[in-house]
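Comments concern the structure below.
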There are 2 protein chains.
Amino acid sequence: MTDDAVETRRTAPATLHDVAREAGVSLATASRSLNGSTRKVNEEYRQRVLAAAAKLNYSPNLSAQAVARGSTTTVALLVADIADPYFSQMAAGVVREADRERLIVTMAATERDTERELDLVRTLRGQRPRVMILAASRREGDPNNDALEAELRAFESNGGRVAFVSSAAGEFHAVQLDNRAGAEALARELIGLGYRRFAAVTGAEGIRTADERLAGFRAGLEAGGGTLERIVRPAFTRDGGYEGMTQLIEEGLDGIELVFAGNDVMAVGAMSAIRDAGLTPGTDVAVAGFDDIPTVRDVTPPLTTVRIPLEEVGRRALRLALDEPDAVDESPVHTEVVLRESTPRRG
Amino acid sequence: MTDDAVETRRTAPATLHDVAREAGVSLATASRSLNGSTRKVNEEYRQRVLAAAAKLNYSPNLSAQAVARGSTTTVALLVADIADPYFSQMAAGVVREADRERLIVTMAATERDTERELDLVRTLRGQRPRVMILAASRREGDPNNDALEAELRAFESNGGRVAFVSSAAGEFHAVQLDNRAGAEALARELIGLGYRRFAAVTGAEGIRTADERLAGFRAGLEAGGGTLERIVRPAFTRDGGYEGMTQLIEEGLDGIELVFAGNDVMAVGAMSAIRDAGLTPGTDVAVAGFDDIPTVRDVTPPLTTVRIPLEEVGRRALRLALDEPDAVDESPVHTEVVLRESTPRRG
DNA sequence: ACTCACCGGGAAAGCGCTATCTCACTACGG
DNA sequence: CCGTAGTGAGATAGCGCTTTCCCGGTGAGT
């Protein structure tokens with residue numbers, strides 16, 4: 001033996017054929033006993049097959065089943081960034097729901113690049129997943145949008161189901177996050193707390209989520225008599241938040257009472273920037289975010305934000321795709337303003 | 001039309017056969033042109049095939065390829081909890097590296113249940129993935145360990161590759177996280193800062209990661225003359241950290257200067273508990289964690305911890321499984337103590 | 001007693017691919 | 001001018017399954 005003596009000899013996995021032979025039945029009977037079928041199978045035969053399968057440690061080849069059945073048990077999930085709590089929470093919801101349905105989730109990250117996203121959709125289509133869930137945020141007017149939409153249409157016409165999270169791109173099913181209303185409600189509440197002069201730190205123009213939240217916030221301010229004095233648009237990430245806030249401080253906060261960040265990770269970054277500039281978030285300048293990711297309870301002061309039940313969003317996205325069109329719950333996800341100490345009552 | 005008029009008629013996806021017919025070549029030639037092969041194909045034919053494929057929006061059926069080739073392009077990843085930053089960071093690394101290798105990642109969550117983990121491995125085996133990466137933490141003496149190991153052995157003997165993260169279970173390849181040395185180094189540094197009286201808040205006994213970190217920490221303290229006065233073992237999660245810390249405070253901190261949390265999410269929870277008890281973390285009681293997840297920079301005070309390059313760990317786990325056994329980098333991952341303000345120098 | 005559904009096992013035809021094998025055709029050395 | 005060694009396209013045999021389809025055997029109905 002020149003090989004590693006410990007290494008077990010490589011053997012091919014047991015096939016259904018092996019199981020059938022071991023049990024002394026036909027391939028058909030083995031298939032019927034193991035992987036459900038409308039047809040009944042003699043209990044004794046069935047037991048023999050089950051025993052043989054256990055003995056051979058048989059595990060059905062999902063690819064082969066997919067080919068034979070013409071359908072898979074796969075869900076494809078596209079997110080912008082797996083490490084971002086916004087997406088990972090949502091992914092957790094998708095995975096959990098998929099698990100309940102005995103579906104397998106394949107996951108890919110667009111890294112916020114629409115080119116990549118398009119590529120991924122094309123690749124993933126090869127899997128013939130039952131469902132594709134697109135959670136990476138849409139970009140208004142992106143040159144790849146049409147191609148993406150075409151690709152998804154093709155996928156649908158082949159019997160696949162598509163679900164978006166956030167605002168629908170075109171006519172696809174989507175779990176509606178009411179970014180606009182949430183931000184508007186937040187603005188009203190903040191006005192109620194006595195704030196009047198605001199700045200916003202949010203993602204680049206064109207990122208739909210960022211735009212909607214900003215628009216909603218603005219609308220809320222206008223209704224309540226607040227003013228949005230400054231807007232900076234760094235990356236839609238924690239570091240973006242830090243950077244944007246730093247810029248705001250360097251240019252002079254003069255009179256700005258509260259900074260609205262486009263999402264919680266940005267808000268958290270902004271709070272660090274505030275602190276690093278020698279100021280105290282909440283006291284010297286208030287901060288509010290959006291999403292209610294878990295960590296915002298643990299920063300100091302705890303962050304005021306708009307709660308999105310992210311896990312539920314993930315679960316609903318899958319349900320949306322799986323359920324019969326008429327059984328689908330298309331109502332927008334409930335969002336809720338959560339006031340915490342990062343926005344103390346003024347005066 | 002009683003159906004939704006907008007809905008495109010459902011058509012089966014184009015098959016290679018369709019492409020071949022469209023291009024006026026044989027199936028074999030179409031296959032060779034589209035999906036690489038050692039054999040050359042007349043350039044004119046090749047172009048015809050490519051054009052036909054584009055026209056029909058052909059996308060090769062990966063399941064069929066898998067069946068025909070006898071191998072897939074799939075990587076299966078098992079984590080305890082997708083929403084936990086420790087795992088999601090790692091997952092991001094795996095996905096990124098997989099993408100480089102043009103592999104597809106399927107992801108599942110054990111929810112810290114070894115029974116579930118075993119089930120998932122069994123199910124995932126049906127996919128015939130090239131690689132299985134197990135990142136959910138091991139439990140010493142768990143009744144399911146043997147079955148899991150057997151399952152993985154079987155998988156390996158069928159040509160699959162297995163990679164663990166954290167300490168190897170049995171004889172499998174593993175990305176070694178040096179929890180023990182990291183915790184020991186942390187303890188020494190803390191002693192160096194003037195701390196002497198410690199408590200630990202960590203996961204249940206048997207969770208290998210928790211045990212190793214605790215053992216390392218203890219060793220470091222002993223070497224340096226510190227004492228570990230109390231140990232509580234709640235869940236290995238943020239809420240566990242909160243709960244454990246609360247318990248510690250309720251029972252009376254008397255003299256404990258620093259609390260070592262088994263991981264960063266616990267540490268973050270613990271800090272919130274401290275604050276909720278009316279104390280100030282860092283000032284009234286210092287806190288240290290382990291992992292260096294991104295958020296610990298943004299809590300107040302920033303958390304002292306032991307840095308693990310989680311993304312790199314994910315990437316390396318995949319490489320470990322993919323590379324030739326002799327080309328594999330089995331050196332333990334570099335960990336590094338990061339001192340921040342949650343553990344100010346004493347006196 | 002005889003037809004006639006039904007029941008349930010087995011043979012075999014696919015599913016969409018890949019890879020081996022066959023074979024016509026070209027080019028070239030002797 | 002023949003034999004021979006490439007070349008490269010096409011036919012086809014699988015890959016591991018599911019699902020017809022076929023068929024002998026049973027029990028019920030008349």
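Numbers restart at 1 for each chain; the letters A, B, ... are given by sequence-line order, proteins then strands. Bear in mind that the values here come from a model prediction, so they are computed numbers and not experimental data.
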- Message: Before you tell me yes or no, could you show the steps for R21(A) and D18(A) under salt bridge (charged side-chain N to carboxylate O under 4.0 Å, His left out), namely the whole-Å CA-CA distance, both residues' side-chain angles and the distance that decides it to 0.1 Å?
- Response: CA-CA 5 Å; R21(A) 187 155 31 74; D18(A) 300 332; 3.1 Å; yes
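For R153(A) and F172(A), the positive end sits near the middle of the six-membered ring, less than 6.0 Å away and at most 45° from its axis.
For the residue pair S63(A) / Q127(B), no side-chain donor-acceptor distance below 3.5 Å is found, with atom types taken as modelled. A donor-acceptor contact under 3.5 angstrom links the side chains of R125(A) and N57(B), judged on distance only.
Contact annotation: T29(B) side-chain N/O to dG10(D) OP1/OP2 distance is under 4.0 Å. OP1 or OP2 of dT18(D) has at least one side-chain nitrogen or oxygen of N35(A) nearer than 4.0 Å. The side chain of Q65(A) contributes an N or O atom lying less than 4.0 Å from OP1 or OP2 of dT18(D).
With respect to the salt-bridge test (charged N to carboxylate O, under 4.0 angstrom), the residues E311(B) and R316(B) do not qualify. Here D113(B) does not pair with R139(B) in a salt bridge; the nearest charged N to carboxylate O distance is not below 4.0 Å. A salt bridge is absent between R96(B) and E312(B): the closest approach of a Lys/Arg side-chain nitrogen to an acidic carboxylate oxygen does not fall below 4.0 angstrom.
Here the P atom of nucleotide dT20(C) and the CG atom of L27(B) are 16 Å apart, to the nearest Å. Per the geometry, CZ belonging to R46(B) stands 19 Å off C1' belonging to dG10(D), to the nearest Å. Between the CG atom of L56(B) and the P atom of dG16(C) there is a distance of 14 Å, rounded to whole Å. N61(A) has its CG atom 13 Å from the C1' atom of dC15(C), to the nearest Å. Taking atom CG of N42(A) as the reference point, atom P of dG25(D) lies 16 Å away to the nearest angstrom. Here dT18(D) presents its C1' atom at 13 Å from CG of L34(A), a figure rounded to the nearest Å. Between the P atom of dG8(D) and the CD atom of E44(B) lies a distance of 14 Å, rounded to the nearest Å. Across the protein-nucleic acid pair, R39(A) atom CZ and dG8(C) atom C1' stand 5 Å apart, rounded to whole Å.
Counting distance only, with no hydrogens placed and no angle test, the side-chain atoms of R32(A) and the base atoms of dG10(C) include a donor-acceptor pair under 3.5 Å.
With the nearest nucleotide of DNA chain C identified for both E43(A) and Y58(B), E43(A) has the one nearer the 5' end. Comparing S26(B) and R69(B) against DNA chain D, the residue whose closest nucleotide sits nearer the 5' end is S26(B). The nearest heavy atom of DNA chain D to Y45(B) and to P13(A) marks one nucleotide each, and the one closer to the 5' end goes with Y45(B).
Listed by first residue number, the stems of DNA chain D with at least three Watson-Crick or G-U pairs below 3.5 Å are C:1-30 with D:1-30.
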